[in-house]
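Reading through the structure tokens given below for one structure.
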Amino acid sequence: MLENKTTEILNNGGVIAYPTEAVFGLGCDPDNPEAIKKLLAVKQRSVDKGLILIADDFEKLRPYVDLSDVAEESLQWMFSHWPGPFTF
């Protein structure tokens, strides 16, 4: 039931809170510009500071990241620690 409500909120451009290892995170649909605006407003955060994306597979993140300035050594280190308790 909760999963259905969460999906409904995300599909309707809402913001959700979810538990992480240490704190609660706030999230939204990254493909919905209005949802991102809501999330930034709740967090009182400038879009210039960016946001964290969470995924179980790097391929899901490819549409959102620019790797052109990331060193190959950094990518190798990241993949050797994925998945794990890190923010890259």
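These figures come from a predicted structure and were not determined experimentally. In what follows, every heavy atom counts, from backbone to side chain, and hydrogens, waters and symmetry copies are set aside. In this chain, residues are counted from 1 in sequence order.
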Show me, pair by pair, the donor-acceptor contacts under 3.5 angstrom made by side chains of residues 13-25, not counting sequence neighbours?
unit_1, atom_1, unit_2, atom_2, d
T20, OG1, V23, N, 3.3
T20, OG1, V23, O, 2.5

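Residues I54 and L61 are members of separate hydrophobic clusters, defined by side-chain heavy-atom contacts under 4.5 angstrom among Ile, Leu, Val, Met, Phe, Trp and Tyr. When hydrophobic clusters are built by joining Ile, Leu, Val, Met, Phe, Trp and Tyr residues whose side-chain heavy atoms come closer than 4.5 Å, directly or via intermediates, M78 is grouped together with L53. By the criterion of side-chain heavy atoms lying less than 4.5 angstrom apart, applied directly or through intervening Ile, Leu, Val, Met, Phe, Trp or Tyr residues, L26 is not grouped with Y64; the two fall into different hydrophobic clusters.
Annotation: side chain of D56 is not in contact with side chain of P83 (no heavy-atom distance under 4.5 Å). Residues V47 and K37 are not in side-chain contact: their nearest non-hydrogen atoms beyond the backbone lie 4.5 Å or more apart.
Between W82 and F88, the ring planes lie parallel to each other; the angle is under 30°, not in the 30° to 60° tilted range.
Distance CG/N12 to OG1/T7: 10.5 Å, rounded to 0.5 Å. Note that the CG atom of D69 and the OG atom of S74 stand 11.0 Å from one another [nearest 0.5 Å]. In this structure, CG on L67 lies 4.5 Å from CZ on F58, to the nearest 0.5 angstrom. Separating the CG atom in N32 from the CG atom in L39 is a distance of 11.0 Å, to the nearest 0.5 Å. For the atom pair K38 NZ and L40 CG, the distance stands at 12.5 Å (nearest 0.5 Å).
Here the shortest heavy-atom pairing between S68 and D66 reads OG-OD1, 2.7 Å. Nearest heavy atom pair, residue G27 against residue L10, reads O-CD2, 4.3 Å. Closest non-hydrogen pair, D29 versus I36, comes out as O-CG1, 4.1 Å.
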Practice item. Dump the intermediate steps for side chain to side chain contact (heavy atoms under 4.5 Å, CB included) on L51 and R45, then the final yes or no. Key: CA-CA 9 Å; L51 294 167; R45 183 180 181 96; 4.1 Å; yes
